[in-house]
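Scroll down for the structure; my scribbles are underneath it.
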Number of protein chains: 2
Amino acid sequence: MNLSVAEENYIKSIYKLEEGQESVTTTGLAYELDTKPASVTDMAKKLRDKKLIDYEKYQGISLTADGKKAALHIIRRHRLWECFLVDKLSFSWEEVHEIAEELEHIRSEKLINRLSDFLGNPTIDPHGDPIPDAQGRLGKQRTQISLDQARTKRLEVTAVSDKSNALLEFLTAKGIRLGTHLEVIERYEFDNSIEIKIRNQPAFTISEQVSKNIMVRPV
Amino acid sequence: MNLSVAEENYIKSIYKLEEGQESVTTTGLAYELDTKPASVTDMAKKLRDKKLIDYEKYQGISLTADGKKAALHIIRRHRLWECFLVDKLSFSWEEVHEIAEELEHIRSEKLINRLSDFLGNPTIDPHGDPIPDAQGRLGKQRTQISLDQARTKRLEVTAVSDKSNALLEFLTAKGIRLGTHLEVIERYEFDNSIEIKIRNQPAFTISEQVSKNIMVRPV
DNA sequence: GAAATTATTTAGATTTGTCTAACTTTTATT
DNA sequence: AATAAAAGTTAGACAAATCTAAATAATTTC
Ligand SMILES: [Mn+2]
Ligand SMILES: [Mn+2]
Ligand SMILES: [Mn+2]
Ligand SMILES: [Mn+2]
């Protein structure tokens with residue numbers, strides 16, 4: 001199956017929406033891809049013809065087994081390139097998503113497997129997301145929850161859900177990276193903001209919007 | 001100036017043909033790009049509108065200064081990616097052209113300059129071709145001539161003109177690489193074939209077609 | 001220098017991916 | 001249940017890149 005760049009981007013976005021439990025709607029996918037609902041309907045028909053999605057009009061979209069497999073291969077490429085950019089070319093984690101968005105469409109099995117070897121076959125990308133293997137399999141992920149739901153005090157940052165520049169730059173500024181250990185000092189019920197402390201640095205407060213997008217595990 | 005993949009491929013091919021002294025004709029460019037003359041005429045109008053080429057109907061095509069600059073930037077990207085594939089991912093020189101043909105279109109100044117640094121700012125690619133700098137300037141090339149025209153006996157291979165799989169695999173099989181030192185034993189006038197010797201290995205004969213595509217310098 | 005051949009351009013079609021505007025279906029509200 | 005609002009689809013258009021077939025220009029051959 002040889003997919004166009006546009007088709008690959010759709011498949012990847014559908015996977016992302018499905019992953020977030022949301023049922024995939026025409027409008028939601030249009031928003032995700034920064035396009036119009038009419039365009040989504042058109043593409044949905046095409047992807048259905050290629051048996052990559054199940055789609056009946058007015059009934060929403062879901063990936064078939066083939067579609068899911070395709071998605072995982074694109075995600076593998078995306079995340080491996082992100083690793084390359086960060087580990088080898090010293091890009092920061094907020095810069096890589098955009099470039100990987102293009103690199104992920106370079107089609108060569110050999111290239112991507114060599115790249116993986118060159119990087120030491122990493123299993124998570126610079127944002128803490130797991131990298132599928134050459135067969136498109138995801139290793140079982142470590143249990144992680146979002147910081148706003150964590151109920152223990154001492155936590156380690158394992159991933160970031162939102163990859164926007166805005167959030168990633170904010171986290172960098174605050175000294176929050178993958179692997180950062182933090183301690184919850186206080187939770188304020190009023191606005192669900194959280195006061196946290198990193199090592200010996202002075203404590204500071206982060207909003208619910210931020211804490212929802214930081215994934216952590218107890219430590 | 002934001003160019004499409006198709007436009008970039010045209011610009012690069014025009015540069016290549018101009019470089020080879022040939023005047024750039026519609027049919028010649030169509031052949032080079034594996035497309036049809038009618039398509040070339042269409043694209044020629046578009047590139048003229050963008051002021052990248054001079055073109056008047058029936059009068060052939062030539063790059064403007066802007067077009068030449070654009071070409072050199074694409075060539076820089078192509079050749080740097082080739083270096084990456086060979087030096088870092090251990091691809092062989094006959095495998096890299098095709099993949100670089102896609103990678104060259106990834107648009108990010110920062111990416112390509114970081115890549116260049118990562119590779120140690122190489123000045124020649126795996127086929128012996130010079131790599132333009134970030135400003136699109138080519139360093140002065142070492143004087144080289146094709147093996148069929150060389151008049152001295154002891155020579156060093158500096159580049160290969162033809163990048164086809166067929167030739168590159170042949171050269172690899174014969175032990176001819178960039179930097180290989182060879183000695184001309186005999187030139188046969190009948191078919192312009194040449195008998196050569198590499199180090200202590202037994203001499204062998206290569207055809208004019210091959211020797212025309214091997215660039216050398218006296219040593 | 002006229003005829004034949006070759007090169008180039010144009011006209012009209014096609015595919016892919018997108019859009020707007022109009023229409024239809026579904027869902028929410030009263 | 002009727003109506004209003006939101007969500008989704010269709011119809012028709014457009015731009016990019018390509019093609020085939022037909023027309024035209026340039027070049028070569030005799
Ligand atoms: Mn992409
Ligand atoms: Mn990522
Ligand atoms: Mn290319
Ligand atoms: Mn090369």
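On a predicted model such as this, the values are computed, not experimentally measured, just so you know. In what follows, every chain begins at residue 1, and chains take the letters A, B, ... in the order their sequences are listed.
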Is the shortest side-chain N/O distance from [X] to OP1 or OP2 of [N] below 4.0 Å?
| X | N | value |
| --- | --- | --- |
| B:Thr41 | C:dT10 | no |
| B:Lys45 | C:dT10 | yes |
| A:Tyr58 | C:dC23 | no |
| B:Lys57 | D:dT24 | no |
| A:Ser4 | C:dG17 | yes |
| A:Ser39 | C:dC19 | yes |
| A:Thr35 | C:dC19 | yes |

Sidechain-backbone polar pair: B:Ser13 side chain, B:Tyr10 backbone, donor-acceptor under 3.5 Å: no

Is A:His78 reaching over with its side chain to a backbone N or O of A:Leu103, donor-acceptor style, under 3.5 angstrom? no

Using five pairs at either end of the helix from C:dG1-D:dC30 to C:dT30-D:dA1, determine the angle between the two local helix axes and round it to 10 degrees.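 The value is 0°.
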
Can you tell me how far [atom2] of [N] sits from [atom1] of [X], to the nearest Å?
| X | N | atom1 | atom2 | answer |
| --- | --- | --- | --- | --- |
| B:Leu29 | D:dT18 | CG | P | 11 Å |
| A:Tyr55 | D:dG8 | OH | C1' | 7 Å |
| A:Lys36 | D:dA6 | NZ | P | 18 Å |
| A:Lys50 | C:dG17 | NZ | C1' | 12 Å |
| B:Glu7 | D:dA17 | CD | C1' | 10 Å |
| A:Gln59 | C:dT24 | CD | P | 18 Å |
| A:Asp34 | C:dG17 | CG | P | 17 Å |
| A:Asp42 | D:dA11 | CG | P | 11 Å |

Can you tell me which nucleotide in [options] comes closest to the side chain of [X]?
| X | options | result |
| --- | --- | --- |
| B:Pro37 | D:dT9, C:dT9, D:dG8 | C:dT9 |
| B:Thr27 | C:dA7, C:dT18, D:dA17 | C:dA7 |
| A:Met43 | C:dT20, C:dT26, C:dT18 | C:dT18 |

Scan A:Glu82, A:Lys163, A:Arg79 and name whichever one has a side chain to side chain donor-acceptor pair (under 3.5 Å) with A:His127. A:Glu82

Look at the aromatic rings of A:Phe84 and A:Phe118 and report parallel, tilted or perpendicular, splitting at 30° and 60°. tilted

Using a heavy-atom cut-off of under 4.0 Å over every strand shown, decide if A:Ala38 touches base, sugar-phosphate, or nothing. base

Test A:Lys12 against every option in A:Glu101, A:Glu19, A:Glu32 by the salt bridge (charged side-chain N to carboxylate O under 4.0 Å, His left out) rule and name the one that passes.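 Exactly one option meets the salt bridge (charged side-chain N to carboxylate O under 4.0 Å, His left out) with A:Lys12, and it is A:Glu101.
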
Assess the side chains of A:His97 and A:Asn165: does a donor N or O sit below 3.5 Å from an acceptor N or O?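 Absent: no donor and acceptor within the cut-off.
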
Do B:Thr64 and B:Asp66 meet the criterion of a side-chain donor-acceptor pair at a distance under 3.5 Å?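 No donor-acceptor contact under 3.5 Å links the two side chains.
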
With a cut-off of 6.0 Å (strictly less than), are more than 12 heavy atoms of other residues, nucleotides or ligands near CD of A:Glu56? no

